[in-house]
Amino acid sequence: MADIIHLLPDSVANQIAAGEVVQRPASAVKELLENTIDAGASEITVIIKEAGKSLIQVVDNGCGMSECDARMCFERHATSKIHQADDLLAIRTLGFRGEALASIASIAQVELKTKRVEDEIGTSILIEGTKLINQSPVSCPNGTSLSIKNLFYNVPARRNFLKSNTLELKYIIEEFFRVAMVNPDISFTFFNQDKILYKILPSNLKQRIVNLFGNSFTQRLIPIEQQTALVNLSGFIGKPEFAKKNRGEQYFFTNGRFMKSPYLHHAVENAFQELITKDSFPTYFIFLEVDPKTIDVNIHPTKTEINFLDIKSIYAILHAAIKQAIGKFNLSPSLDFEVEQSMILPPLQPNQQIRPPTITINPDYNPFEKKANPIPAPHSTSMHRATIEAWSQFNQPIEEDIAPKKTPCFQIENSFIITQSKTGIVVIDQQNAHERILFERLLDRTVADEISVQRLLIPITLHLSPNDLLFFQAWKEQFDKLGFEISDFGNDDLLIHSIPSTVGNIPSEGFFETILESLKGHPPDIKSDHANILARTMAKKLAIKRGTKLHLLEMETLVENLFACKIPEISPDGKLTMTILSFEELRKKFKY
Ligand code: ADP
Ligand code: MG
């Protein structure tokens, strides 16, 4: 029998590769854009017609190609970016496989015009389905223009599989954003159907994000910055109150390359956990710089996943950096990140001592005491606008000569507290709200202050199984932080000497057992989060439950305490604590 194995012709091999590299017009746009970046361009124009189905053209002012390279670039595995296997370890360019142009040329009509600065004349090449149709000298500007016409003209199955123009254009714009965002020093122009859709000039990163996503982003971003030996982090996260209901602006870049990382995404989500509702998503634009040796970008031809050598540590660093950024922003509501930080600093005189900043706090401050003057809204920048207004209602100056007018409060279904704010009717879920209050109070204890701890006259004895005892040891530090003083009594017994005052009545042995049991659902792998998890678990256990009848005073206290919280509107679990039915909505409903 004759041998049956043979090598596939190039055109077929390229078409097969194209199946992986170019799934849709957006993938071709991505490849062309990445080539312009690798070519060192500073000005890039993208021209799209019919969502890329009839034309994708990308023009750059980068390094261009010689006559010979212009022909070579369409060969399979033709690349100028690596020479040997070792080079893979130090990849700084976006492309390196030498597959994209060969693939594209096998499934479209491609026209290339390119010229290097040092050449008198450029080269024009016309290729159709891997076949060279024409090559000739051409006079053209320095740089490269690559047009892809009639993508998939010879692969009808692919062409038929494409989505509507609206959707395919959306995918293209998404690819464009990913490249434009990570290259703010490059100017981009984007034409769709001969109309300019984007024209963005070189700027800083923040301005670039605003240019791409709209002016409303000016107020929404908090910078993050963390330099470590393993990774340098920078970029922005969205303020919690602007979290979106859909997975919108979530971007990771590593060494200038867009990437998807469900694992690192989790680190961000986790850091936002107690700050946004369960059904909303944090916004982030996060840039990681790592030594190329510590990553492997070679996993998938479309390369949006990256393997890190030490992803666990990066997770922890990222998580901490975000927590820190959010914390800093919460504590400094008046800090305007618009203004360059260096510009607010007064010039340092020679011999001048640098004093560390000091914070003055009033130890007698009681947020629940009614005063003639309104107390400033705590952490007002972290509140939603509606909540700030609602808050200010509870904080109206009380006129001396008339009896203090309490905002009316009542309970329905033994579960909801109805009250009023300046702008509307507030409905509070007593259980979620109380969880938020307890959670913040328990955590406040971590800012060591003795008053919030209650010493027990007779210590509580806890008898644990050896397994539970081991488990408890892993959490002991967090119990300490919250104000528990627990000592080992031997024989698997623990003695509890003090508890946080927030816990209230002296808890039973059962209380600790339930807490430990719920903690078992949380694998202890991110150190910084443990105190939060413990506080959340306790708050859940201790909170007033739905179905509990409350007295007027209890309701009033709960409402006031809720509005004194840093993030009053959501429970530590990410559920809403309250909702406001605005008078405006009511007026609309009743057709004023
Ligand atoms: P890769 O980017 O993986 O090297 P491509 O098929 O995308 O493979 O490109 C092949 C080669 O063509 C590149 O290595 C580069 O030398 C050259 N090239 C492609 N696009 C451009 C461009 N816009 N400007 C200059 N050179 C380019
Ligand atoms: Mg490439």
Side-chain angles (χ1 to χ4, degrees), residues 11 13-39 41 44-60 62 65 70 73-79 81 93-114 125-131 143-180 183 188-193 197-198 257-258 300-304:
S11 55
N14 287 342
Q15 266 198 29
I16 294 171
E20 288 208 318
V21 182
V22 189
Q23 284 110 10
R24 50 178 14 105
S27 348
V29 172
K30 168 182 187 274
E31 293 296 337
L32 298 195
L33 281 174
E34 290 190 346
N35 282 345
T36 65
I37 304 296
D38 288 344
I44 296 167
T45 304
V46 181
I47 301 164
I48 300 294
K49 285 195 178 143
E50 280 185 71
K53 293 172 189 171
S54 60
L55 175 73
I56 297 169
Q57 185 179 5
V58 175
V59 186
D60 70 60
M65 284 179 258
C73 71
F74 293 107
E75 295 297 324
R76 211 138 78 92
H77 305 305
T79 180
K81 299 166 193 174
T93 53
L94 295 167
F96 57 85
R97 295 168 170 265
E99 265 178 348
L101 293 185
S103 301
I104 291 169
S106 72
I107 48 166
Q109 293 143 357
V110 175
E111 190 179 355
L112 166 71
K113 284 185 182 153
T114 186
I125 284 193
L126 208 66
I127 280 197
E128 205 177 292
T130 310
K131 267 207 290 300
T144 301
S145 158
L146 210 135
S147 312
I148 303 174
K149 288 179 190 153
N150 302 321
L151 189 65
F152 301 131
Y153 80 102
N154 54 355
V155 203
R158 260 287 141 93
R159 202 176 167 87
N160 295 337
F161 176 77
L162 293 180
K163 299 279 186 334
S164 69
N165 282 4
T166 322
L167 201 57
E168 292 296 340
L169 182 66
K170 205 177 137 222
Y171 291 134
I172 291 177
I173 291 174
E174 182 56 32
E175 293 296 347
F176 169 69
F177 271 28
R178 291 174 185 177
V179 174
N183 293 289
F188 288 90
T189 314
F190 187 111
F191 287 90
N192 179 44
Q193 306 289 75
L197 211 55
Y198 295 94
R257 184 192 300 273
F258 172 82
H300 192 265
T302 48
K303 299 181 294 259
T304 51

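The first residue in the sequence is number 1, and the count goes up from there.
With salt bridges taken as basic N to acidic carboxylate O contacts below 4.0 Å, none links Glu174 and Lys170. Look at Arg178 and Glu175 and you find a salt bridge, because one of the NZ, NE, NH1 or NH2 atoms lies within 4.0 Å of a carboxylate O, short of that distance.
When Val46, Ile104, Thr144 are each tested for a side-chain contact (heavy atoms from CB on, under 4.5 Å) with Leu32, only one passes: Ile104. None of Leu33, Leu94, Thr79 except one satisfies the side-chain contact (heavy atoms from CB on, under 4.5 Å) rule with Asp38; the exception is Leu94.
Distance alone, capped at 3.5 Å, places no donor-acceptor pair between the Glu111 side chain and the Leu146 backbone. Remark: side-chain polar atoms of Asn154 are paired, donor with acceptor, to backbone N or O of Ser106 under 3.5 angstrom. The backbone N or O of Arg24 lies less than 3.5 Å from no partner atom in the side chain of Arg158, so there is not a single donor-acceptor pair. At least one donor-acceptor pair under 3.5 Å links the side chain of Arg257 to the backbone N or O of Thr93. The backbone N or O of Glu128 sits nowhere less than 3.5 Å from a side-chain atom of Gln109 that would complete a donor-acceptor pair. Remark: the backbone N or O of Met65 is paired with a side-chain donor or acceptor of Thr114 at under 3.5 angstrom.
Every side-chain hydrogen bond (donor to acceptor under 3.5 Å, both in side chains) that Asn35 has, sequence neighbours left out, goes to Lys81.
Rounded to the nearest 0.5 Å, atoms CG (Asn183) and OG1 (Thr36) are 8.0 Å apart. To the nearest 0.5 Å, atoms CZ (Phe176) and CG (Leu197) are separated by 8.5 Å. In this structure, Ile127 CD1 and Ile148 CD1 are separated by 12.0 Å, a value rounded to the nearest 0.5 Å. From Tyr153, atom OH reaches atom CD1 of Ile107 across 10.0 Å, with rounding to the nearest 0.5 Å.
Counted within 6.0 Å of NZ on Lys113, heavy atoms from surrounding residues, nucleotides or ligands total 12 or fewer; the atom is thus considered open.
Two rings, from Phe190 and Phe177, have their centers 6.0 Å or more apart.
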